[in-house]
Visitor: 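Below: one structure in structure tokens.
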Number of protein chains: 2
Amino acid sequence: MNKILVVDDDPHIREVISFALEKANMKVTLANDGKQALDSFNKSSVDLIVLDINMPEMDGLECCREIRKNSEVPILFLSSRDDEIDRILGLEIGGDDYVTKPFSPRELVARVNVILKRTLSNGINNGINSELKLTHGRLQLDTEQHAIWWDEKEVPLTATEFAMLAQILKQPKRVFSREVIMEGAYQFNIHVSDRTIDSHIRHIRQKFSEVGCESIIETQHGVGYKLASCQ
Amino acid sequence: MNKILVVDDDPHIREVISFALEKANMKVTLANDGKQALDSFNKSSVDLIVLDINMPEMDGLECCREIRKNSEVPILFLSSRDDEIDRILGLEIGGDDYVTKPFSPRELVARVNVILKRTLSNGINNGINSELKLTHGRLQLDTEQHAIWWDEKEVPLTATEFAMLAQILKQPKRVFSREVIMEGAYQFNIHVSDRTIDSHIRHIRQKFSEVGCESIIETQHGVGYKLASCQ
DNA sequence: CCCTGTTTTAATAACATCATGAAAAAATTA
DNA sequence: TAATTTTTTCATGATGTTATTAAAACAGGG
């Protein structure tokens with residue numbers, strides 16, 4: 001089940017979008033403005049953001065810029081003014097598509113689906129949001145091949161291990177609580193104990209150390225895990 | 001001289017397009033519907049297809065899906081309804097561009113030329129449908145003959161087995177989930193159990209082992225299948 | 001330095017997935 | 001229609017993965 005963060009200051013529009021997306025079997029989180037959106041994004045796991053451009057507090061473009069500092073999560077812009085400038089800026093700034101108001105909910109859902117289909121790993125693990133290929137320092141990840149390399153050496157991870165590392169790799173600076181890792185790497189609604197997460201982390205570390213990488217994931221005592229800073 | 005297959009149920013439109021393309025020095029073949037188009041495509045060599053979306057029998061989208069199972073031939077969609085959905089779906093499904101009716105013949109020819117220039121100059125697709133034959137290591141596949149060889153020995157696969165292996169062979173490094181294999185190797189909208197996929201994979205392996213190939217498809221536990229890496 | 005709570009480690013139990021053989025169901029062919 | 005091939009499903013045991021547990025190691029605060 002895909003998790004969509006919808007950001008718009010108009011409650012009515014939020015309602016419409018939310019309804020349409022939920023009918024299309026997606027899990028929706030709502031935010032009123034850019035600040036709330038950023039907050040929510042950093043506290044949970046999100047596959048795609050529907051982001052209105054014109055908002056009080058922090059507008060969509062600025063919000064996008066902030067998000068893009070740590071994440072390549074797909075963003076679908078909403079623009080109420082019909083002028084071209086906003087659209088172009090929106091795309092230039094790192095959005096994946098845009099819809100101009102007024103829009104039909106059906107169109108919005110269609111576009112969301114197109115983007116998700118493009119970016120999600122191909123049905124292999126529904127719920128991992130991912131670019132097809134990710135490179136970070138000496139690390140390289142390919143969703144399509146479901147494989148990950150340290151330098152030239154492939155690291156043989158299991159499906160769950162791969163999902164976790166992919167998630168962490170997508171926001172290299174973020175510290176992930178065990179709860180968020182769970183949300184992101186597991187099917188919707190599945191719960192395991194925190195110790196289980198630890199266990200997987202250990203296995204990932206072990207496998208990486210076997211190919212000569214002694215530090216892949218760092219522990220943030222009392223908080224969670226993050227990608228080792230040297231990566 | 002480039003060979004264009006034009007598919008539309010409206011005789012008048014076929015006429016207009018045909019006239020325009022021939023004036024632009026292309027060889028045109030015509031088809032009334034998706035079924036005829038598939039047939040014609042499989043019997044001749046085509047550089048590009050102009051494909052109407054709304055047709056009786058088999059519509060453009062489904063026709064495209066079928067064609068995409070064996071070929072990457074460029075497709076230019078024609079859409080009479082001006083709504084966004086069709087466009088998006090059309091592109092999602094593996095089309096190269098679209099034109100909405102009513103269109104000027106000149107615009108259509110221009111777009112055809114752009115696509116041809118792009119695909120021909122890649123050298124990948126020398127005007128001939130290059131997907132017909134595939135070679136990968138000791139493996140050789142011929143879509144036209146519907147046959148596959150290991151070294152010099154032909155491996156007698158059934159239609160379904162052939163479709164699956166062809167799909168896998170087209171992206172040798174990719175790991176295919178059973179769901180994706182299903183989408184790719186079966187008619188649109190047909191569902192079978194995951195165990196059925198396994199069963200076919202087993203038969204493929206068996207038949208290959210009978211001609212001396214002990215490793216043709218690898219299992220990715222919890223994910224799916226991929227071409228064996230030694231190929 | 002000790003106490004407390006957290007993380008790592010390692011061993012094991014529980015679980016899910018896959019390969020296999022056999023056999024029903026469906027589609028082709030004769 | 002009968003015979004044959006192909007496709008699909010089911011049941012089983014084998015295999016590989018994941019979750020849990022408990023104990024040891026570690027970090028931070030007084």
Side-chain angles (χ1 to χ4, degrees), chain A residues 123-128 146-148 155-168 175-187 189-210 214-228, chain B residues 146-148 155-168 175-187 189-210 213-226 228:
Chain A
I124 288 171
N125 212 329
N126 271 339
I128 302 182
H146 216 263
I148 196 161
V155 187
L157 301 182
T158 69
T160 309
E161 289 158 12
F162 184 86
M164 283 189 187
L165 186 51
Q167 185 194 18
I168 291 175
V175 180
F176 293 83
S177 72
R178 291 173 176 74
E179 197 185 354
V180 170
I181 292 178
M182 212 146 76
E183 252 184 68
Y186 286 78
Q187 299 287 76
N189 237 350
I190 288 185
H191 273 264
V192 294
S193 99
D194 284 357
R195 298 307 116 237
T196 300
I197 307 291
D198 295 3
S199 182
H200 286 298
I201 296 289
R202 184 172 77 89
H203 291 141
I204 293 172
R205 284 171 169 163
Q206 195 168 40
K207 285 175 179 174
F208 268 83
S209 98
E210 279 165 17
E214 289 309 332
S215 162
I216 175 73
I217 290 171
E218 278 175 4
T219 304
Q220 218 81 355
H221 199 99
V223 188
Y225 297 101
K226 59 169 290 197
L227 197 68
Chain B
H146 219 264
I148 196 162
V155 187
L157 299 183
T158 69
T160 308
E161 288 158 13
F162 184 86
M164 283 188 187
L165 186 51
Q167 184 194 17
I168 291 175
V175 180
F176 293 83
S177 71
R178 290 173 176 76
E179 198 185 351
V180 169
I181 292 178
M182 214 145 75
E183 263 180 50
Y186 286 78
Q187 296 287 80
N189 236 349
I190 288 184
H191 273 264
V192 293
S193 96
D194 283 357
R195 299 302 117 236
T196 301
I197 308 290
D198 294 5
S199 184
H200 287 297
I201 297 288
R202 184 163 72 89
H203 292 141
I204 294 173
R205 283 172 170 164
Q206 198 167 38
K207 286 176 180 175
F208 269 83
S209 98
E210 279 164 15
C213 169
E214 288 308 332
S215 163
I216 176 72
I217 291 171
E218 277 176 6
T219 304
Q220 216 82 356
H221 196 104
V223 189
Y225 295 101
K226 60 169 287 196

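Chain naming here is simple, since letters A, B, ... match the order of the sequence lines and numbering starts at 1 in each.
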Visitor: Under 4.0 Å, heavy atoms only, any strand: does A/Thr219 hit a base, just the sugar-phosphate, or nothing?
Guide: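 Touches sugar-phosphate only.
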Visitor: Assign each of B/Gln206 and B/Gly224 to its nearest nucleotide of DNA chain C by heavy atoms, then name whichever residue's nucleotide is nearer the 5' end.
Guide: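 Going by which nucleotide is closer to the 5' end, it is B/Gly224.
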Visitor: If you measure only the distance, is there a donor-acceptor pair under 3.5 Å linking the side chains of B/Arg178 and B/Ser193?
Guide: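 B/Arg178 vs B/Ser193: no donor-acceptor pair found between side chains.
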Visitor: Return the value, rounded to whole Å, for the distance between atom OH of B/Tyr186 and atom P of D/dT6.
Guide: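 Distance, rounded to whole Å: 14 Å.
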Visitor: Looking at every heavy atom in both B/His146 and B/Ala159, which two are closest together, and how far apart are they?
Guide: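 Shortest heavy-atom contact: CE1-CA, 4.1 Å.
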Visitor: Roughly how many Å is it from CD1 in B/Ile204 to P in D/dT8, rounded to a whole number?
Guide: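 The distance from CD1 of B/Ile204 to P of D/dT8 comes to 12 Å, rounded to the nearest Å.
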Visitor: If you pin A/Ile190 and B/His200 to their nearest nucleotides in DNA chain D, which one's is more 5'?
Guide: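 The 5'-side residue here is B/His200.
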Visitor: For A/Thr196, answer base if it contacts any base atom (sugar-phosphate contacts may also be present), sugar-phosphate if it contacts only those atoms, and nothing otherwise; contact means non-hydrogen atoms under 4.0 Å.
Guide: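 Here A/Thr196 touches the bases of the nucleic acid.
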Visitor: Hey, does the side chain of A/Thr160 come within less than 4.0 Å of D/dT17's phosphate (OP1/OP2), counting only N and O?
Guide: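 For D/dT17, OP1/OP2 do not have a side-chain N/O of A/Thr160 under 4.0 Å.
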Visitor: Of all the choices, D/dT7, D/dT9, D/dT21, which nucleotide is nearest to the side chain of B/Val192 once you look at every atom?
Guide: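 Among D/dT7, D/dT9, D/dT21, the one nearest the side chain of B/Val192 is D/dT9.
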Visitor: Rounded to whole angstrom units, what separation is found between the CG atom of A/Asp198 and the P atom of D/dA23?
Guide: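 It is 18 Å, rounded to the nearest whole Å.
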Visitor: D/dG16 P sits how many Å from B/Gln220 CD, rounded?
Guide: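 Distance, rounded to whole Å: 14 Å.
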Visitor: Figure out the CZ/C1' separation between B/Arg202 and D/dT15, and round it to whole Å.
Guide: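 About 17 Å, once rounded to whole Å.
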Visitor: Do side-chain atoms of A/Lys226 reach the backbone of A/Ile168 as a donor and acceptor pair under 3.5 angstrom?
Guide: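 Side chain of A/Lys226 to backbone of A/Ile168: no pair is present.
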Visitor: Side chain of A/Gln167, backbone of A/Met182: donor and acceptor closer than 3.5 Å?
Guide: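 Not confirmed, A/Gln167 side chain does not pair with A/Met182 backbone.
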Visitor: State whether the side chain of B/Gln220 and the backbone N or O of B/Phe176 hold a donor-acceptor pair below 3.5 Å, judged by distance alone.
Guide: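 Looks like no, no N/O pair under 3.5 Å.
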Visitor: What's the CZ-C1' distance between B/Phe162 and D/dT6, to the nearest Å?
Guide: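 Taking CZ of B/Phe162 and C1' of D/dT6, I get 17 Å after rounding.
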Visitor: Would you grab the first and last nucleotide of DNA chain C (5' to 3') that comes under 4.0 Å of any non-hydrogen atom in chain B?
Guide: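 Under 4.0 Å from chain B, the extent on DNA chain C is C/dT17 to C/dA22.
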Visitor: Could you check which of D/dA19, D/dT7, D/dA27 has an atom nearest any side-chain atom of A/His221?
Guide: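 The listed nucleotide nearest to A/His221's side chain is D/dA27.
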Visitor: Using whole Å, what does the distance between atom C1' of nucleotide D/dT7 and atom NE2 of B/His191 come to?
Guide: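 About 17 Å, once rounded to whole Å.
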Visitor: Think A/His203 has a side-chain N or O under 4.0 angstrom from the OP1 or OP2 of D/dT18?
Guide: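 No, outside the criterion.
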Visitor: Within a strict 4.5 Å, meaning less than it, do heavy atoms of the B/Ile197 and B/Tyr186 side chains meet?
Guide: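 In short, these two side chains touch, coming nearer than 4.5 Å.
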Visitor: Separation of B/Glu161 atom CD from D/dT5 atom C1', in whole Å?
Guide: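 After rounding, the gap between these two atoms is 11 Å.
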Visitor: With a 4.0 Å cut-off, would you call B/Glu214 and B/Arg205 a salt bridge?
Guide: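 No salt bridge links B/Glu214 with B/Arg205.
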